[in-house]
Structures are given as structure tokens and as C-alpha cells.
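One structure is given here, and the rest of the page talks about it.
Just so we're on the same page: letters track the sequence lines, and every chain starts at 1.
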Amino acid sequence: MNKILILLFLIATSRLCVAQDLDLLDEPEVKTTDYTTATFKTNRVVNGHSIETVAKNEFDFKISHRFGFLSGGPYDMFGLDQATMRIGGDYGITDNLNVGLGRSTVDKTYDGFVKYKFLKQSTGVTNMPVTATWISHMGITTLKWPQPDRKNYFSSRLHYTHQLLIARKITEGLSIQLSPTVVHKNIVDSTKFKNDIFSLGLGVRQKLTTRTTLNLEYYYVLPNQLEADKTNVLSVGFDIETGGHVFQLFFTNSSGPFEKAFITDTKAKWLDGNIRFGFNIARVFNF
Amino acid sequence: MNKIIILFAAIVTLGFMAFTNHSGGVYKTNTGNINFFSHTAVEDIAADNHKVKTAFDAKTGKLQFSVLIKDFEFPKALMQEHFNENYMESTTYPKSTFTGTIDKMSAVNLAKDGTYKSTISGKLTMKDVTKDVSTIATFVVKGGVVNAKASFTINPTDYHIAIPKTVAPKISNEIKISVDADYTHDTK
């Protein structure tokens, strides 16, 4: 009997306790899926693509420069006397599907790509540890044929790059991306060299402030695929975001502003001081 | 004797339960709207949040809002990203809240269709900064639904929202916050 009494009083008082701590919005939070955004400031880490895509109906206009070697010294104004450049842009067909076009001075190359973000990092109802994006590039070099007298095929001008970009925003400041990549060249200088070149890219970005980040990018080309004088591309850059623009200032040992060039054609070595200053300017327009 | 005690206890218990059961007086919604608008000569910026949780107690006039910052929707995706990343830092400060009172609750007759006005005063918390806010709200009671509208202005710097010099001409230091919510009687 006493137990019942105690129980009743307990119920009564417990209700009182709730009442005293009056919170009108005391319902449990409705569980939703919280998608991670802004893993990178823009859709390039340094040279290579990041998992980011531009939003639907947005056009991201990009101008990229890579100057000459810092080791050129004051005579070459530390490389500023020479430059390679790419002008191009990324367009959002949907928030996840992008297409892009560009023209580079390197080998007078036109490039185009299709990029699709098929996984989004999220927490909540749907837990997804990473964001993943697929990108397929095609490049057309339009240099005059080095041997115009022989039979030349248009297909020899083509090269392709396919990449699986997998990134995780580990903390608010730190994001890491892995980029398994295959570059296919329709023509190579000798049968000793491979047409398909496999590599693995690593991208790291660390926020310094809300609007600036430090980026590191390295592509490791698996051994015995390229000419002996080729080397891996390493780049260190800063992103500065100012609202509509993202400025990416960086140092790299590649002059190539597209994948086939910087992954498979890089010869300059950091240890020789053959480092280039470069920048990408991205400006987003809305339609 | 024991029966009397049980009876008494039961009455007390039920009494407490009735007294502490607020369902009689709480009006709420999970789909309130908050709009903010920043006007400058260079650019107008506006965003809407349609998932605002808010409730008031018709007896005491106590009023509460809870807003998830990331639920603000902008016409431009990049603006939304910058709002969350740079200005509101919504991963660190996911929520903004308001706790206050409808000062003239007794003047708002929820049983009778009509339009009523009352001052609202309370504390607005954003980015861990709490400031006093007061404004006049209009209540329109119609068929048991209470529509409340109010607006007030805030200065972003009051809430430690840093605006770099380069974009300062685009962001007003008087941002208009407009609230519009349809409350219904919480029968739970």
C-alpha cells in the first residue's frame, strides 16, 4: 500500500519538476540528415580537381597561370617573365553534375570534362563518411604535327583522364582527399612507355581563418610507367576567398594546368629549386 | 483510513498533473518563417528559414524560438555557403534562440477571431552572444490558428559577425529580421 502511495507521489512530483523547468519546445529533435558542405573552398585543390562542384546554373570562370622557375633569379624576375595559362570554366547542370571546358597554352590543348558528385558526406539519418566525385576529362592537343610528312591520325591528339575523388571533411578546418587517377594517352613516344598511367593523388586543406586555407597536393605516379626524367607533382597553395572570388596562390613544379600535363609531363624538381609560382582565379556567375 | 489516504493522494496527484499539464495553453509550430533582409546600395541580400520552431504559453505569455542556422535558404548557393562558413560559423554555433514574453498576453483573446497587438521582449542568442530585443507583434486569431508577425533590426557586429572591409559595402549594419508564424493549439 505504502509503495503505491510513494509511486503516486513520485509521479506527481516528477511532473512538477518538468513543469518548473518550463521549456515550450521540449520535443525531441526531429532527426534529419546533415550534409557536409565546403570541404574545399573551390573545385580545385591546387592543380587538380577537388570533390566540390558548382551549383546548378552557376558558371565558375577560371583563369590559371603558372610562371617560370623561381630559380631563374632576378634576370627572369624569379620566373614572372614566362607563363603558361589556361582559361576556362565549370558549369553546373545540376548541383552535382558539372561540365567544363578550357584552353591551355601548354601544347595548345583544349580540354573538357564531365564531373559528377555521387556521394555526399553526411551525419544524422544517413551517415556517410565521405564525399565522392567522378570526373572524366578529355584533352585535344592542337600543335602542328612534328612530322607532317608521315600519316598522322587525329586520334593521336587525344588523351583522357579519369579520376575518382574521395574526400572527408575531418574537422571544420581539415579536409583530406584521395584521388586514384588513370591517364590514357593515345600516343606515346616509344613502346617502352605505357599508354595508361596510374597514379594516386593526395590533397589536404587546412583552414587558417574562415576565409583562407593552406592546401597541399601531391600526385604519386606508380613506378615504371613514365620516362626516367619525369617526376611527381607537388604543390603547396593558399586559397583566399573574398565573396564572389576565390584566389588560389601556389607553388608547384608543374607548368601544366590540366591533368595529363601535371601528372605525366612534369620534369622539374623541387630540390633543384625548379619551383613555379602560380595562381588560379575563380569567379562565380549566377544565371 | 488507508482508503482516505489513497483517495487524497490520488486527488493530489491528479491535481498536480492537471496543473502541470500545459497542453491547455501551449500554441506551437515547427514551420514558422524567419526572413532576413540586408539592403545596401550595392546589393540586397535575403534569406528564408521555413523550419523555425516556436511556441508560446497562452497563460503566462512565455514565448520561445529555436532556429537552426543552416536551414536558412539563399537564392545563391555560394551565399548560403559563405553565410554558414564565414559569417555565422554554423558548425560551431548551430542554433539561434529567443526566449521572451508576450507582454500583453491577456489582451490577446485566443478564443475570439480578431487582430491583437502586443509588445514582445526577451533575449536573442546568436553565436553565443545574448542581447535584449523588443518589438511589437501583431496577432491574427482566425479559426483557432494564431498568426503572429513581427520584425526588428539587428546589427551583425553586436553578435560578433565579422564582416571584412572588402564586402562591407554589400552588407548592411541594420539587418531586418521578419518573423511570421502560424501557431496552432498543442493538444498533446
Given heavy-atom pairs under 4.5 angstrom as the criterion, report whether the side chain, backbone, both or neither of B:E89 touches chain A. side chain
Between the OG1 atom in A:T32 and the CG atom in B:L68, the distance rounded to the nearest 0.5 Å is 7.5 Å
If you count heavy atoms of other groups shown closer than 6.0 angstrom to NZ of B:K127, is the number above 12? yes
Counting only heavy atoms closer than 4.5 Å, note whether B:K70 contacts chain A via side chain, backbone, both or neither. side chain
Working to the nearest 0.5 Å, report the span between CD of B:E81 and OG1 of A:T37. 6.0 Å
If I measure from the heavy atoms of chain A, does B:T99 come under 4.5 Å with its side chain, its backbone, both, or neither? neither
Do A:K207 and B:E85 meet the salt-bridge criterion of a basic N to acidic O distance under 4.0 Å? yes
Nearest 0.5 angstrom please: B:L78 CG to A:E241 CD, how far? 7.0 Å
Looking at A:D34, A:T209, A:N57, A:D95, which makes the most heavy-atom pairs under 4.5 Å with chain B? A:D34
Without hydrogens or angle criteria, can the side chains of A:E172 and B:T91 be said to hold a donor-acceptor pair below 3.5 Å? yes
How about B:K51: does its NZ atom have over 12 heavy atoms from other parts shown lying under 6.0 Å from it? no
Pick from B:P75, B:P164, B:A162 with the largest number of heavy-atom pairs that fall under 4.5 Å of chain A: B:P164
Does A:L208 CG have over 12 foreign heavy atoms under 6.0 Å away? yes
Given the options A:G244, A:G92, A:G243, which has more heavy-atom pairs under 4.5 Å with chain B than any of the others? A:G243
